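This one's a predicted model, so the numbers in the text were calculated from it and none came from an experiment.
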Amino acid sequence: MFKLSKLVVISAIAAGSLSYTAPAKANDQLALSICEYIAADDKNRLRSKLKSSRVKIRNIYDSIQCNGNNLLRHAVANNAVNAGEYIVKNLSKSSLSDGADIAWAEGNHAGSALIPVIKDRAGL
């Protein structure tokens, strides 16, 4: 009897470990797609991906990094004006009001067309 219950427990553990899939892979794929669409300045595909994934820019802005930059800095670095404007319009004013992204953009990409858009949205 003891051997049978031990066999059932071991079988259940083995079956459970084989059927588990890590949800991080889906999140990694979403982040990769978002970074690619921003770099390509493809606002329509970015919007579509966010909508189909049922996420909002303001909810994922702090958690996704593209080449070591946040989403807005990634747009500035890739001169992605359309995607950058979309990101700025969907962020809260308080997330831009500290001026860190503006200072970074002015220091690294002074001629970017996104700088006035960020300043306008932040109220600076």
Side-chain angles (χ1 to χ4, degrees):
M1 183 75 169
F2 179 69
K3 287 184 180 182
L4 181 61
S5 63
K6 189 174 182 180
L7 181 63
V8 170
V9 170
I10 291 172
S11 299
I13 292 172
S17 65
L18 293 175
S19 64
Y20 176 74
T21 57
K25 291 187 187 268
N27 293 337
D28 291 344
Q29 183 59 44
L30 175 64
L32 180 63
S33 295
I34 289 171
C35 291
E36 287 175 354
Y37 297 149
I38 291 171
D41 198 16
D42 195 342
K43 180 179 94 170
N44 292 331
R45 290 185 78 185
L46 175 62
R47 288 177 63 204
S48 177
K49 186 66 170 179
L50 291 168
K51 190 171 185 172
S52 68
S53 301
R54 295 183 177 167
V55 295
K56 294 182 179 181
I57 288 281
R58 64 178 58 197
N59 295 338
I60 61 170
Y61 181 71
D62 293 327
S63 60
I64 294 181
Q65 296 283 314
C66 303
N67 296 331
N69 293 321
N70 64 29
L71 299 179
L72 186 55
R73 290 180 183 187
H74 186 63
V76 171
N78 287 288
N79 199 26
V81 177
N82 293 327
E85 285 180 1
Y86 176 76
I87 293 167
V88 169
K89 289 178 183 177
N90 286 286
L91 289 175
S92 64
K93 290 181 181 181
S94 63
S95 65
L96 298 172
S97 63
D98 65 353
D101 290 323
I102 297 169
W104 180 89
E106 288 176 337
N108 296 306
H109 302 279
S112 175
L114 286 172
I115 294 172
V117 175
I118 300 168
K119 285 182 177 180
D120 185 48
R121 177 73 175 158
L124 299 175

Apply side chain to side chain contact (heavy atoms under 4.5 Å, CB included) to residues N90 and L50 and explain how you reach the verdict.
CA-CA 12 Å; N90 286 286; L50 291 168; over 6 Å; no
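- Minimum interatomic distance between P116 and A113 (heavy atoms only, all atoms of both residues): CD-O, 3.4 Å.
- Residues H109 and W104 meet the side-chain proximity criterion, which asks for heavy atoms closer than 4.5 Å.
- Of all the heavy atoms in R58 and S92, the pair that sits closest is NH2-N, 3.8 Å.
- In this structure, K49 NZ and E36 CD are separated by 10.0 Å, a value rounded to the nearest 0.5 Å.
- Under a 3.5 Å cut-off, the side chain of S48 and the backbone N or O of N44 do not form any donor-acceptor pair.
- No side-chain heavy atom of N69 sits under 4.5 Å from any side-chain heavy atom of V76.
- Put simply, the side chain of N82 never gets that close to the backbone of D41: no donor and acceptor are under 3.5 Å apart.
- Applying the salt bridge (charged side-chain N to carboxylate O under 4.0 Å, His left out) test to pairs two or more places apart or on separate chains, those with a residue in residues 105-114 are E106-K119.
- Atoms CG and CG, on L91 and D101 in that order, are 8.5 Å from each other to the nearest 0.5 Å.
- Judged purely by atom type and a 3.5 angstrom limit, R73 has no side-chain atom pairing as donor or acceptor with the backbone of A105.
- The minimum heavy-atom distance linking A75 with G84 is given by the pair CB-CA, 3.7 Å.
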Quick one, L96 with V88, criterion side chain to side chain contact (heavy atoms under 4.5 Å, CB included). Give me CA distance, side-chain angles, the key distance, then yes/no.
CA-CA 8 Å; L96 298 172; V88 169; 4.1 Å; yes
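- For the pair L46/I34, a side-chain contact is recorded, criterion being any heavy-atom separation below 4.5 Å from C-beta on.
- Side-chain contact between I64 and C35: present, with at least one pair of heavy atoms (C-beta onward) separated by less than 4.5 Å.
- Expressed to the nearest 0.5 Å, how far CZ of R121 lies from CD1 of I118 amounts to 12.0 Å.
- Distance check, rounded to the nearest 0.5 Å: CG of D120 to NZ of K93 gives 8.5 Å.
- Across every non-hydrogen atom of S53 and L30, the tightest pair is OG-CD1, 3.3 Å.
- Rounding to the nearest 0.5 angstrom, the gap separating the OG atom in S112 from the CG atom in N78 is 10.5 Å.
- Atom-to-atom distance recorded for Y86:OH and L72:CG is 14.0 Å, nearest 0.5 angstrom.
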